[in-house]
Amino acid sequence: MTRKQLFLLLAAVLLSLLPAAAHLFGNPYLLSLASRILIYGLAAASLDLLLGYGAMISLGHAAYVGIGAYAAGILHLHLGAPGLAPALALVADSEVSGLVILPLAVLAASLAALVIGALCLRTTGMHFIMITLAFAQMLYYFFISLEAYGGDDGLSLLGRSKLPLVNLDNDTHFYYFCLFCLIAFLLLASRLVHSRFGLILRGTGDNERRARGLGVNTGRYRLALFTIAGGSAGLAGALLANHSEFVSPGLLNWTLSGELMVMVLLGGIGTLFGPVFGAAVYLLLEEGLNMYTEHWMAYMGPLLVLAVLFARNGLLPLLISGRKRHG
Amino acid sequence: MLLFCEQLLNGLQLGVTLFLMSAGLTLVFGIMQVINLAHGSFYMIGAYVGATVALHSGSFLLAIFAALGASWLAGCLAEALILRHLYRRRHLDQVLATFGVILFCNEMTRIIWGRQPLFMDIPAALSGSVQILPGLPYPIYRLAVLAVGLAVAVLLWLIFTRTRIGMQVRAGAVNREMVAALGVNITLLYTLVFGCGAMLAGLAGLMAGPILAVEPGMGESILILTFVVIVIGGIGSVRGAFIGAVLVGLVDTLGRAFLPLLLRLLLSPATADSVAASLASMAIYIFMALVLVIKPKGLFPAHH
Amino acid sequence: MKKLLTGLCTLALLLPATSFAADTVKIGMITTLSTKAGYLGEEIRDGFSLAMEKEGGKLGGVSVELLVEDDEAKPEKGKQIAQRFAQKDGIKIMTGIVFSNVAMAVVPKLVRDEVLYLSANAGPSDLAGKGCHPNYFSVSYQNDNLDEVVGQYVTETGHGNVYLLAPNYPAGKDHLAGFKRYYKGQIAGEVYTKLDQADYAAEIATIRDAKPDAVFFFLPGGMGINFVKQYAQAGLGGTIPLYGPAFSFDERLLAAVGEAALGVKNGSQWTHDLDNPANREFVENFRKAFKRTPTLYAAQGYDTAMLLASALRQTGGKAEPEALRQAVKKAEFASVRGNFAFGANQHPIQDLYIREVVRSDGGFTNKTVKKVFTNHVDAYAAECKM
């Protein structure tokens, strides 16, 4: 067993035992915090698909998280409302609203990513960074002025989505559901990046001209990856909406895009599992610093700079491989 | 018609402020291939230092020197301590490190100057307004901002086309290895360009001080606009930055001013107002998307 | 290395909250200390802690512990903090939220979970009307109050054609609606600007063109500074008078606006020059402790603490929900506003004033001009079924 596998196994065991520990210590907040870490981990890992495997530096990933969250919030609102189309009403009554809400949220985010990606991928390099940012800002202002759904005030959901077998309103169930989503995503994504599809993408990331010379239509592959990453971020968004039972345009703000990037880099870019670890470190640091000082950002900022300068490949590879560095 | 002229002027004035921000940033992008999110922080430093000096000394002239000096220094420091080590790294690392710098600068202004906004007055000589057309008074200070912005644009144009250092900078934007091989001290040149870019941002911040609230986080609102300008103009091109800035200024101002009127022709007043407000806040982003769809490298790409 | 780190992380997660003696009452303050609006939360916190200092760290003879957390003006963040306060620290009394959107996200769930929430600032209409709740008290105002008083005053002044301006978000629309409820004249135009907009040149030009009798605007924080300064610079300050709620004219903002705000009339429920003993004591102590003049936010924080002190004194230090609720509802404390009582929807019934920005020694401040409403009840009280 490699160190990496050992580490992942350890992490999985720890994570699955966490609810028991939370109950033991009588600290239900721990569970909620851990669920949030898992969700942000999912969002960060989906961004890692773009950053680490597609060489697409998107500074607008929060947009898809936000769209997923809003799709979940809006559907949740309407599924609970009277006077629904009969087909939808059937779903709403049968206590499985989540089966509609979650897939539709993913679909909405994927569609948005498909359209925005198609436009953005016409550009490369720094232009790409900027245009993804611009689209996210555009959507941010769109949701701010979307009065029907709360505008800047955001949208409060009463209760969480309903699924068969699990009761998401129960924090332990919700935690395990998030863990399930995250692990499912990580497994699928790691299969994806090790497939022919992933190889081509990494090839194009290294040298686009060469890939094109080999007759590969790189644009289509990148767009597919962009869409997948967007959809996965949408899932994270839908979970986040359920977690806090609240959605607001703040989710689409560019600072969240920045924070997701920070998580990816902290954990280790191009490692898929690393960003989850990065999300945990970032959120715990924020939580911890916040307890000791009001000015936590004055510490977080320099920490980030140091992390960039000295932990080039992120913390997870550093942890797994000890001090030596490898590709 | 008078209203239209006034709005046009407003748009231009916003445009040149954006140009001051964009000129430095686009050079840093173009020459050093480095993304600097912290450019807005230099703008904020210029405004804060300027406001403080103006308040305590009462001299706007002194405030100008202090603000320019402080932002130049901050720029050089940031370059020497952080960005210099990131030139050959991924854009991603640059984004993250400068994101960290933003967090730090915002929090430091809160620690040093407190949480409330700072006051900065218009210098006495530039207060009041003049009739630029019969029936159209316009604040002198805004005209002064317009003039300074245009003067800087001309100055930059002269430096780039007429001086040796300007040529080196331009050459560096096209092929930095070649310039280094020709014996130009590229490290010094980079620090210099970076410092000057920061100084221009500081100048923009200082001039915005009397018009806008001097507050923590003021840099980010304009930073995003600056990015839009640079991308529209084409990264690395000062000429592009100028035209992009003016276009963005005009689109933003005219959109806010005339979209409600335009939409009222089609919709009921209440819906028109609400739709116009949403559209106006998204106008520049839509404009940018349009430009990039038609010209993916911006209007005046510097690299070929 | 690896084990050490994992161990540390787990430890950090599991560390229980510092536990205090059982007779200490914990109070959670969720407020905005960072972002551009950071000073608002600072004022509320300082006002609240001033009341605690007065009793040497106690409220109503009961020792209390105040936990303050920054919500960064984000609803999500506010929810997280509320959850932590409730679940980890076991806090049953909370206060402090500055912004209505944060309050709307946080408060409904809190009060359902039997937490007593005393609002020291935000007073969204929904929580005053349909969403009212026995565990929710607004000590400050209902949001529309400060606009209603201006609406009434503008009508009394005889302005017949007023131009309205607010940011394009729900609170902006609420505030304009509050103004229109008591304003009887014509509306020259109604403009919604981008949230956090910096440059208002385009809007000001349009106002000049529309030639209204007066302008009413709601632009909180930095937006207000920008607008007022640019309005004066455009030469409109002397020709078309400005009106607004107090949010753009607190003493700390006035320091940043300077002369441009001179003479502007604004509506408030409190000013530092109100002549009553409680207020004189508060203003004097506040100036001594913090070297600045308190703003209305500080007064609200102080009143919230004094109200809680009166309630704790009645219950003998027990934070049992029902008893505490009854005690709070009596509002038996000396408010710095003078008249103060809770209405049926547990929002204040209070006097509302128009004040004017004037010069003070070395700076600018507000002077009470006129009491417009006496024992004013908010517009949503009737919708509250409690």
Region of A:Ile57 that comes under 4.5 Å of a non-hydrogen atom in chain B: side chain
Rounded distance (nearest 0.5 Å) linking atom CD1 of B:Ile35 with atom CE of A:Met130: 4.0 Å
Smallest separation among heavy atoms of B:Phe104 and A:Ala298, with atom names: CD1-O, 3.4 Å
Leading residue by heavy atom contact count with chain B [cutoff under 4.5 Å; candidates A:Leu303, A:Ile269, A:Ile144]: A:Ile269
Heavy-atom side-chain contact between A:Val305 and B:Val101 under 4.5 Å: yes
Segment of B:Leu279 engaging chain A (4.5 angstrom heavy-atom cut-off): neither
Contact class of A:Phe135 relative to chain B, heavy atoms under 4.5 angstrom: side chain
Top contributor to chain A contacts, counting heavy-atom pairs under 4.5 Å, from B:Ile111, B:Ile284, B:Ile102, B:Val275: B:Ile111
Gap separating the CG atom of A:Leu265 from the CG atom of B:Leu92, nearest 0.5 angstrom: 6.0 Å
4.5 Å side-chain heavy-atom contact, B:Met282 and A:Phe142: yes
Min side-chain heavy-atom separation B:Val95-A:Met261 under 4.5 Å: yes
Part of B:Ile224 lying under 4.5 Å from any heavy atom of chain A: side chain
Value rounded to 0.5 Å, distance of CG in B:Leu96 from CG in A:Leu266: 8.0 Å
Only pairs under 3.5 Å, no angle test: what donor-acceptor pairs are there between chain A and chain B?
unit_1	atom_1	unit_2	atom_2	d
A:Arg122	NE	B:Val293	O	3.0
A:Arg122	NH2	B:Val293	O	2.4
A:His127	NE2	B:Lys297	O	3.4
A:Ser145	OG	B:Ser278	OG	3.3
A:Glu294	OE1	B:Arg115	NH2	2.9
A:His295	ND1	B:Glu107	OE2	2.7
A:Val308	O	B:Arg89	NH2	2.5
A:Arg312	O	B:Arg90	NH2	3.3

Per-residue contact mode, B:Ile230 against chain A (heavy atom under 4.5 angstrom): neither
Proximal component of A:Leu309, with respect to chain B [non-hydrogen, under 4.5 Å]: both
